[in-house]
There are 2 protein chains.
Amino acid sequence: MTTVRGARARARIEITAAIKDEARTQLAAEGAAKLSLRAVARELGMVSSALYRYFPSRDDLLTALIVDAYDAVGAAAEQAAADTAAQRPLARWTAVCRAVRAWAVAHPHEYALIYGSPVPGYTAPQDTIAPAARVGLVLIDITRRAHDGEGVALPPLPDDLRPEAERIAADIAPDLPPALAVALVAAWSQLFGLVSFEVFGQFHRVVEDRDTFFATAARRLGQDVGLLPRG
Amino acid sequence: MTTVRGARARARIEITAAIKDEARTQLAAEGAAKLSLRAVARELGMVSSALYRYFPSRDDLLTALIVDAYDAVGAAAEQAAADTAAQRPLARWTAVCRAVRAWAVAHPHEYALIYGSPVPGYTAPQDTIAPAARVGLVLIDITRRAHDGEGVALPPLPDDLRPEAERIAADIAPDLPPALAVALVAAWSQLFGLVSFEVFGQFHRVVEDRDTFFATAARRLGQDVGLLPRG
DNA sequence: AACGAAACGAGAGCACCGCTCTTGATTACG
DNA sequence: CGTAATCAAGAGCGGTGCTCTCGTTTCGTT
């Protein structure tokens, strides 16, 4: 029942969105390092000090963009999972991986914002940790369905890793075997290793047909978490 | 025979090194974003304009630091390989991985400089590509010795990846089978995915015992390139 | 309907930044 | 020895993030 209070509140929402949009535009054009509050304000026809009514600092603006970026890549992953709901787990896994990569390639600067060097300070704000988990949750869910269904095939867990594996499993998916949980975390980070190397240019003049390369690498990642190939 | 020309040339070398050292100090303290030429000059007791005699721009200073960082992590990897020359390939592989990770954890900002978001522009300068390859070369060498010795066990290559795999093999290690070359590139990027997630804080409150977690992940990476466990 | 509080845009200003240009001193080389 | 190159220093330009003040406008409350 509580609709938007009035013209002022409505304007605030719109202006906040306009600032983020313009900031995203500059981010895509020049990268996070060259994102300037003054330039954003200038482009929006306001004075720079007015912008501080909406974001207390440049880092807070960046944090908002980070949250949006996590949500965007998370939504892309969830969409890929939904689109492949009827397919086999390994196919869904690779589809999600491909969606993450496609989003990253399409938005390299936003990707760099969330999976590159942390730019504001050392510790990420609390607001970012929930959106940051979305891609991981999608991967966990696909693997869980495989585990509940046709099962997963995993190598045994080294003895010295068992306590940590049980801790991880309790943390991210208590219903899953520890060996699967730890394999998931490893595959999760390795997926972003593949994507980062491509987006950040480390594959320059090494990998050319990156679509195919990534496809088989993602597939192997899926097998590493126990997903079974064909029938 | 051509020794250092005179006091001037000697001073230039020393001052250049002092600038880089001070820049590295500030890098470790505050990160690349807050590295300031003026602050470096101030700390060295000179005026900021004098610093431009040694580095044409801030980005050139950063590039020098990037080259040094690649060399440092490359040297760490080579050292680990040398220290384990008598051991089995899989043990050497994990030792090199551990060395890379240890260096990264000890020098997070320098690591972010080379394996995080590219900060200066889009394209890395030519000077950086040779040092950037050092870690990869170490991994290739270890795998090559395994291949020449006890052999490696690899899953077959998908048909659609064969052309690209042969291209990659011709590029990085013509004497190695294409399936091995492509597995190496994938493992290489996935190794840095593991390290990046730890250094950049993505494992926060997910992985706690990171030593053992990384050890088994690195070991599995070695098996992914066909390295054989025990005897 | 009127009032006080809160939010707002605009402007000036602070300290800092990367970088350029000029000046004068020091060193190196033909 | 003298000329040319190299150097540190200073002033200055346009830019940045951010703060503070000042009128104005909107809002919630009486």
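Just the heavy atoms: all of them, side chains too, but no hydrogens, waters or symmetry mates, feed the values below. Not measured: the values here are computed from a predicted model. Proteins come first, then strands; the chains are lettered A, B, ... in the order of their sequence lines, and each starts at number 1.
- Closest contact between the side chain of A:Val47 and the listed nucleotides D:dA8, C:dC19, C:dA10 involves C:dA10.
- Listed candidates were D:dA8, D:dC27, C:dC19. Nearest to the side chain of A:Ala7 is D:dC27.
- Counting only N and O atoms by type, the side chains of A:Asp60 and A:Ser57 include a donor and acceptor under 3.5 Å apart.
- When each of C:dC8, D:dC27, C:dG13 is scored by its nearest atom to the side-chain atoms of A:Tyr54, the top-ranked nucleotide is C:dC8.
- Rounded to an integer number of Å, the gap from B:Arg38 CZ to D:dG10 C1' is 11 Å.
- A centroid separation of 6.0 Å or more is found between the aromatic rings of B:Phe214 and B:Phe197.
- Contact annotation for B:Leu35: backbone-only contact, meaning every heavy-atom pair under 4.0 Å involves sugar-phosphate atoms and none involves a base.
- Between A:Lys34 atom NZ and C:dC17 atom C1' there is a gap of 14 Å when expressed in whole angstrom units.
- In this structure, A:Ser48 reaches the bases: a heavy-atom distance under 4.0 Å links it to at least one base atom across the strands shown.
- In this structure, B:Arg53 atom CZ and D:dG10 atom P are separated by 15 Å, rounded to whole Å.
- Closest approach to the A:Ser49 side chain among D:dC27, C:dC17, C:dA10 is made by C:dA10 (side chain taken as heavy atoms from C-beta onward).
- For B:Leu37, the side-chain atoms get nearest to C:dG18 when compared with the rest of D:dA9, D:dC18, C:dG18.
- Atom-to-atom, CD1 of B:Ile19 to P of D:dC7 comes out at 11 Å; the value is rounded to the nearest Å.
- Within 4.0 Å (heavy atoms only), B:Ile15 reaches sugar-phosphate atoms of the nucleic acid but no base atom.
- Listed candidates were C:dG9, D:dT16, D:dC27. Nearest to the side chain of A:Ala39 is D:dT16.
- Side-chain atoms of A:Ser48 do not come within 3.5 Å of backbone N or O of A:Ala41 as any donor-acceptor pair.
- For the pair B:Arg42 and C:dC17, the criterion of a side-chain N or O lying under 4.0 Å from OP1 or OP2 is met.
- The nucleotide whose nearest atom lies closest to any side-chain atom of A:Arg8 is, among C:dG9, C:dA7, C:dC17, C:dA7.
- Within the nucleic acid shown, B:Phe55 has no heavy atom closer than 4.0 Å to any nucleic acid atom.
- Rounding to whole angstrom units, CE of residue B:Met46 and P of D:dA8 are separated by 6 Å.
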- Item | Test log, rule side chain to side chain contact (heavy atoms under 4.5 Å, CB included), inputs B:Arg12 and B:Arg8 | CA-CA 6 Å; B:Arg12 176 165 247 282; B:Arg8 187 149 252 176; 5.9 Å; no

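- In this structure, B:Arg58 places its CZ atom 13 Å from C1' of D:dT16, rounding to the nearest Å.
- For the pair B:Tyr52 OH and C:dC17 C1', the interatomic distance rounds to 9 Å; values are reported in whole Å.
- In this structure, CG of B:Leu51 is placed 10 Å from P of C:dG18, rounded to the nearest angstrom.
- A salt bridge links A:Arg144 with A:Asp175: the distance from a Lys NZ or Arg NE/NH1/NH2 to an Asp or Glu carboxylate oxygen falls below 4.0 Å.
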